[in-house]
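Data block below; observations after.
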Amino acid sequence: MFLQILVNGVVLGCLYACIAAGFSLVWGVLNVINLMHGSFIVLGSYLAWGAYHSMGVSPWVTIAIAAPLFYLMGYLVQRGVLNRVMAAPVLVTLTLTFGMDLILNNAMILAFKADYRKLILDPPLGTVAWGSVVVPVDRLVATVFALVLTGALYVLLRRTRMGRAIIAVRLDRDAARLMGVDVPVTYAAAFGLGAAMAGCAGVLLALIFPISPLSSIPYLGKAFVVCVLGGLGSVPGAVLGGLVLGLVESFGAMAIGPEHAVTLSFALLIGFLVFRPQGLLGKRGFE
Amino acid sequence: MNTAGERAAAMPAERSGELLRIEGLHSGYGPVTVLWGVDLSVREGGITALIGSNGAGKSTLMRTVSGLVPARAGRIFWRGAELRDATPARVLGLGIAHVPEGRRLFGAMSVEENLLMGAYLRRNDAAGVARDLGRVYTIFPKLKERRRQAAGTMSGGEQQMCAIGRGLMSAPRLLMIDELSLGLSPLLVEQLVDALLALNREGLTILVVEQDVVAALEVSGTAYVMDTGRVTQHGESSALLADPAVRRAYLGAFESQGVSTPRSGTIVV
């Protein structure tokens with residue numbers, strides 16, 4: 001039983017890390033709290049659902065389509081809209097993403113209705129069992145993909161020219177400009193990466209959770225909690241925060257009932273904000 | 001990087017050996033004007049020093065040249081071609097690197113990542129970047145030892161080496177260094193100065209802001225004295241060093257204490 005809960009927690013935690021990594025990147029680098037992040041995730045889920053049920057495209061393939069598509073969307077949102085108000089106080093960008101989220105979310109309600117949908121793989125992938133621990137294969141594969149995506153973001157930030165520019169802008173914007181970095185373009189790239197991570201996470205979550213525009217707020221809430229737990233602005237922080245949240249929810253649901261899992265995660269959020277606001281790995285600098 | 005037109009326009013300036021010329025430059029931040037009509041010329045192949053008290057506008061002058069701060073009036077010429085209102089990326093691409101005050105390294109990045117950020121614009125020159133990285137490590141062997149270390153955890157002197165190395169990684173023609181010696185031990189400053197003199201002998205033009213007026217005037221060929229946003233005096237450094245007015249204003253303390261000038265043999269003219 002203990003092992004089963006542990007495995008459930010780790011599976012959930014990896015997905016949370018994937019949800020939060022892009023949100024944390026945008027918050028950390030741009031100082032923009034992107035309230036559209038949850039709706040981006042849901043949009044990714046609809047993409048997976050539509051691609052599978054109307055065209056028979058497997059979700060694993062859809063990820064490869066979602067990543068560039070969402071990157072482009074994020075890039076354009078940042079270049080066309082958010083870059084105009086980057087010098088303004090954080091409340092302005094917060095209000096702006098709040099408004100754009102209302103538009104995006106209501107557009108999804110119009111397009112897809114508020115009904116819950118489910119992506120059901122046919123034939124189902126079944127389950128694997130080790131002793132008493134049973135895990136559905138689709139969840140397992142989604143977990144592995146979530147880890148690979150999060151790891152890819154880490155490598156991209158550490159090893160590529162674009163990634164180094166993003167980190168440089170986060171660490172010292174004027175020094176980055178002196179190196180020849182184009183700051184507005186770098187902001188757009190970072191926002192695009194955040195959107196791509198959200199879209200890909202949405203594709204994976206479509207395999208596990210029901211899809212509805214109403215899910216955007218809970219997803220956004222998870223991203224918030226993970227960022228606060230792990231510390232803002234680092235991929236390892238998002239992974240650690242995601243795992244902690246996944247395990248706490250998993251064991252908490254067992255101990256005090258699944259209906260209290262959300263209460264528990266937000267109690268954790270408040271506790272961290274009061275006693276350790278920098279998070280577990282919190283430090284300046286995106287890694 | 002240079003267009004044919006720029007090269008043609010640069011011809012007369014190159015003949016006179018002038019790399020950078022600034023005329024009547026006004027600049028500042030928000031409602032505050034810091035520079036009130038600065039005129040300055042940097043000769044190719046030389047070391048030019050910029051001295052003056054705190055708040056004189058030396059850093060603002062460099063920040064305006066590199067495009068971080070927009071100019072309000074006046075003109076900036078780079079090898080005869082108009083440079084005013086260029087973006088920092090363009091200024092760097094044309095060959096002006098700026099080592100900013102306070103070094104401004106990317107503290108959480110490794111030394112080598114910092115150096116590679118200096119070569120950010122040279123995306124299609126991997127061989128040249130690798131060669132220059134080797135060159136920086138030859139000039140500052142300490143940086144090679146510490147190339148995997150986070151730059152922010154090094155000592156002030158090592159950080160200044162890294163900042164200068166990062167500036168060199170863009171393969172500049174003109175290196176602008178703001179506050180070379182601030183907070184560093186005399187021994188380290190001596191090492192840095194020797195490294196810069198060697199680079200200068202290889203053809204690098206240097207514009208340096210320096211608090212230590214004696215050292216600045218000894219090392220440089222030409223010097224400008226700034227005060228409250230204007231150039232108040234300029235000329236050959238050796239002449240300024242001998243000028244009673246300059247001595248009274250900036251060197252009085254040294255003379256009254258009877259401290260002899262340490263590097264009297266290294267004047268570069």
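- Chain A forms the most heavy-atom pairs under 4.5 Å with one residue out of B:M169, B:R166, B:M109, B:R104, and that residue is B:R104.
- Under the 4.0 Å criterion applied to side-chain N and carboxylate O atoms, A:E249 and A:K222 are assigned as salt-bridge partners.
- No donor-acceptor pair closer than 3.5 Å links the side chain of A:H37 to the backbone N or O of A:S216.
- With a 4.5 angstrom heavy-atom cutoff, B:L92 touches chain A only via side-chain atoms.
- With respect to chain A, the highest number of heavy-atom pairs below 4.5 Å among B:H98, B:R123, B:R63 belongs to B:R123.
- Because its NZ or CZ atom is not both nearer than 6.0 Å to the ring centre of B:Y120 and within 45° of the ring axis, A:R164 does not count as a cation-pi partner of that residue.
- With salt bridges taken as basic N to acidic carboxylate O contacts below 4.0 Å, one links A:R158 and B:E113.
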